[in-house]
Each structure stands twice: as structure tokens, then as C-alpha cells.
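Worth saying up front: this structure is predicted, and the values here are computed from it rather than measured.
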Amino acid sequence: MTTHTTRMLIIGSGPAGLSAAIYGARAGLQPIVVQGLQPGGQLTITTDVENYPGFRDVIQGPWLMQEMQAQAEHVGTRMIWDTITSVDLSGPPFRAVGDSGDVYEGETLVIATGAAANWLGVPGEQELSGKGVSACATCDGFFYRGKKVVVIGGGNTAVEEALYLTNHSQDVTLIHRRDSLRAEKILQDRLQAHPNIKVLWNKAVDHFVGGDTGLTGVALKDTVTGEMSVEPTDGAFVAIGHAPSTELFKDKLEVDAGGYLIVQPGTPKTAIPGVFACGDVMDHTYRQAVTAAGTGCMAALDAERFVAEREFQALKAG
């Protein structure tokens, strides 16, 4: 068992965690990033990325995360392959224990554990992921310009994604397994008034249809009659919500109704001074790589201020 100490401990290695690491390292905080179960975060399972600033051509998600990690290491970040299993937030120093048995102590803690899209778990979904099946319309909708698309779900996320997709497609279908939507009324009104969106009620996805060339349709089962049908489509967007990775912080930090960590508005500050949350673990609204990176930067700047203030107070007391 080894104890690793740092002035800035970062849990998570997606755009938020690595951006925090880059800024923290340049401020001399010698950050340690514990990479977690999915090093690089959700972008490592995203193929084409066309909306990250600075690249005129389409880039690959895994490549972008490799570059971010290399940049973080270049300026002095230590990357450690481990998964945190428990945390003690009674510090500083804040303490985390890894699956390896190693202990990590940080004068500040940056939580960048991210979120994961909820999936339906039906046949063909994972096989056709990136080949017509997606969980992010704002990430991938552009690739379906002028094509037929479907959105699966009935909450705010599904209705927002369907409305967003009308920017690219004249033929958007919302598929919902009930006969009424859970989305806010204002969103429902916009959906129903839109000429390019139709709704299929009482339909559950049985499986996704396609092959080597990609998705060709969605097999549906009527939830009232049990009748089977196939809806032809070029793209399917699963929009049944996201699950933030906050299990570690249960009963330690406040979360909202969706399970996202609560921060002071406009900041990455949690209720515990010195503990910051950034990226998708605290952002249920935007959930983009560029916004995650932005909040990672904010967390590092606030962590730097926190450390400087502690040093100033120690000097005054000494």
C-alpha cells in the first residue's frame, strides 16, 4: 500500500478532470489524476467529434483524450490507473482509497467522475452504437442532415433532442412507450406544434435493426396490443436520461433530484471548502466536452485560490 499526497487530487480523467489537471499543474499544484473505470471519459466511446473548438476537420474522441492526457502530463500531472472505492471529505487533506489499496491525499479535491447515458439494453443497441445509434443529438445530429431520425424517450431530454434534430432533419419521429409525455408542458407544446415531428405512442423498442452498413430501422412492440412493427430510420437517439457517477459521494455531498452534485451557482464549489465538482457530474444541462473542460478550468483556478488562502492564513498564524 502506497500513500500518494498532492495539493490537488482529481478523480476522473475526462475533459473536465484533464483540463483541471492542466491548469493545476501550471499553477504548481502537482496534481494527481486517478483515471477511474473509463480513462478519458465518455469521449473515448465517441468516434467522430466535430464540435470541439480548434479543429477544422472531424477528429476522433479517443485521440482528443490522448492529446489532453499528454498535455496534462507534459505540464507536470501524475496519471494513476486506479479506481477510487471510498472517500473521506473531513479534510483537508481529503482522502481517497483506491481499488489497489493505495491511499490518495489532496489538499484540494476535484471531482470529475462524469455521467453515463442510460441505455435501453435491447439487442443491437451496443453493436450499432456509433453506426446509427447515439445517446447525444447535439453531438451527432449533424451527421444526419437531410436523413430520417428517431428519438426514444418521453422526458425533457427526449423532447429537447427531437426539437434540436429538426435543425438537421425534416423527418423526426419521437417514440414513447406510454400515451403521454413526462416533459414540461412548454416543451410538449413546442413539440406538438412542430410540422416536422411526429409521435409514435405506446411503442417500446424491441431491438435495433441493421448490419455492417449501420442502422436501418427500429423494431417496435405496441405496449397495448403487443403488435410488432419496424420503423425505418437512418439514426436513432436514445434519450432516457443520464446517470451521474456520484455513488462515492452518497451522504457526503448534496445531490439534486437527478443525482447530480450540487454546486454554488456559477462555480464548481461544493458545500465543503476545498472540494470542487466539474463536468457532467454536476452539469445536467449542457453535457458537452467543451463545457466540461471549462468547468475543469474553473475548478483548478478555485483550487489554486483555496491553497493560496490557506498558506496565507498559516503564515499569519505562524
Side-chain angles (χ1 to χ4, degrees), residues 4 6 8-24 31-46 61-62 65 68-69 72 77-89 91 94-100 102-106 108-119 135-136 241-264 267-272 274-300 302-303:
H4 308 270
T6 176
M8 186 163 80
L9 175 61
I10 302 166
I11 305 175
S13 56
L18 293 177
S19 296
I22 290 163
Y23 275 82
I32 288 175
V33 172
V34 183
Q35 290 178 279
L37 279 173
Q38 193 178 52
Q42 292 181 78
L43 268 189
T44 56
I45 54 168
T46 303
M65 296 322 299
M68 272 198 205
Q69 179 177 327
T77 301
R78 281 180 64 201
M79 305 291 301
I80 298 180
W81 175 282
D82 202 352
T83 303
I84 300 300
T85 55
S86 67
V87 292
D88 177 357
L89 304 184
F94 305 103
R95 199 166 179 272
V97 179
D99 191 47
S100 64
D102 283 11
V103 175
Y104 304 88
E105 290 185 347
T108 58
L109 174 65
V110 174
I111 300 165
T113 46
N118 294 325
W119 293 96
C136 181
H242 282 70
S245 303
T246 51
E247 302 81 11
L248 272 176
F249 310 102
K250 197 170 185 249
D251 305 326
K252 294 182 170 74
L253 287 170
E254 203 179 347
V255 295
D256 67 13
Y260 291 82
L261 291 178
I262 291 175
V263 292
Q264 293 175 30
T267 81
K269 297 175 182 176
T270 69
I272 299 175
V275 177
F276 308 95
C278 55
D280 285 14
V281 76
M282 50 70 86
D283 171 20
H284 52 74
T285 308
Y286 302 105
R287 295 199 304 266
Q288 299 299 303
V290 68
T291 50
T295 56
C297 160
M298 292 158 66
D302 282 340

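Not a single donor-acceptor pair under 3.5 Å links the side chain of T83 to the backbone N or O of D99. With hydrogens and angles disregarded, a donor-acceptor distance shorter than 3.5 Å links the side chain of T246 to the backbone of G259. Under a 3.5 Å cut-off, the side chain of T77 and the backbone N or O of P31 do not form any donor-acceptor pair. Put simply, the side chain of Q42 gets close to the backbone of A115: a donor and an acceptor are under 3.5 Å apart. Looking at T295, its side chain does come within 3.5 Å of a backbone N or O of A292 through a donor-acceptor pair. Proximity of a side-chain donor or acceptor of D82 to a complementary backbone N or O of S100 within less than 3.5 Å is detected. With hydrogens and angles disregarded, a donor-acceptor distance shorter than 3.5 Å links the side chain of S13 to the backbone of G40.
Remark: F94 CZ is packed, more than 12 non-hydrogen atoms of other residues, nucleotides or ligands lying under 6.0 Å away.
Scanning all heavy atoms of the two residues, the minimum distance from I11 to I84 falls at CG2-CG1, 4.0 Å. The shortest heavy-atom contact between D302 and P268 is OD2-CD, 3.1 Å. Counting all heavy atoms, side chain and backbone alike, C136 lies closest to Q288 at SG-NE2, 4.2 Å. The two residues V87 and K252 have their closest heavy-atom pair at O-CE, 2.9 Å. Nearest heavy atom pair, residue D280 against residue R287, reads OD1-CA, 3.4 Å. Contact record, A289 with P15: O-CB, 3.7 Å, taken as the closest heavy-atom pair.
Note that the NZ atom of K269 and the CE atom of M298 stand 9.5 Å from one another [nearest 0.5 Å]. Here CE of M8 is found 9.5 Å from CZ of F276. Values are rounded to the nearest 0.5 Å. Distance OG1/T108 to CG/L9: 8.0 Å, rounded to 0.5 Å. Of the inter-residue distances, the one linking N118 atom CG with H242 atom NE2 reads 7.5 Å to the nearest 0.5 angstrom. The CG atom of L89 sits 11.5 Å away from the CG atom of D251 when rounded to the nearest 0.5 Å.
Side-chain contact between P39 and M65: absent, with no pair of heavy atoms (C-beta onward) separated by less than 4.5 Å. For the pair T113 and F249, the minimum side-chain heavy-atom distance is below 4.5 Å.
Paired with I10 under the rule side-chain contact (heavy atoms from CB on, under 4.5 Å), one option of I111, L18, V110 passes, and it is V110.
Y260 and H284 have perpendicular rings, their planes meeting at more than 60° on a 0 to 90° scale where under 30° would count as parallel.
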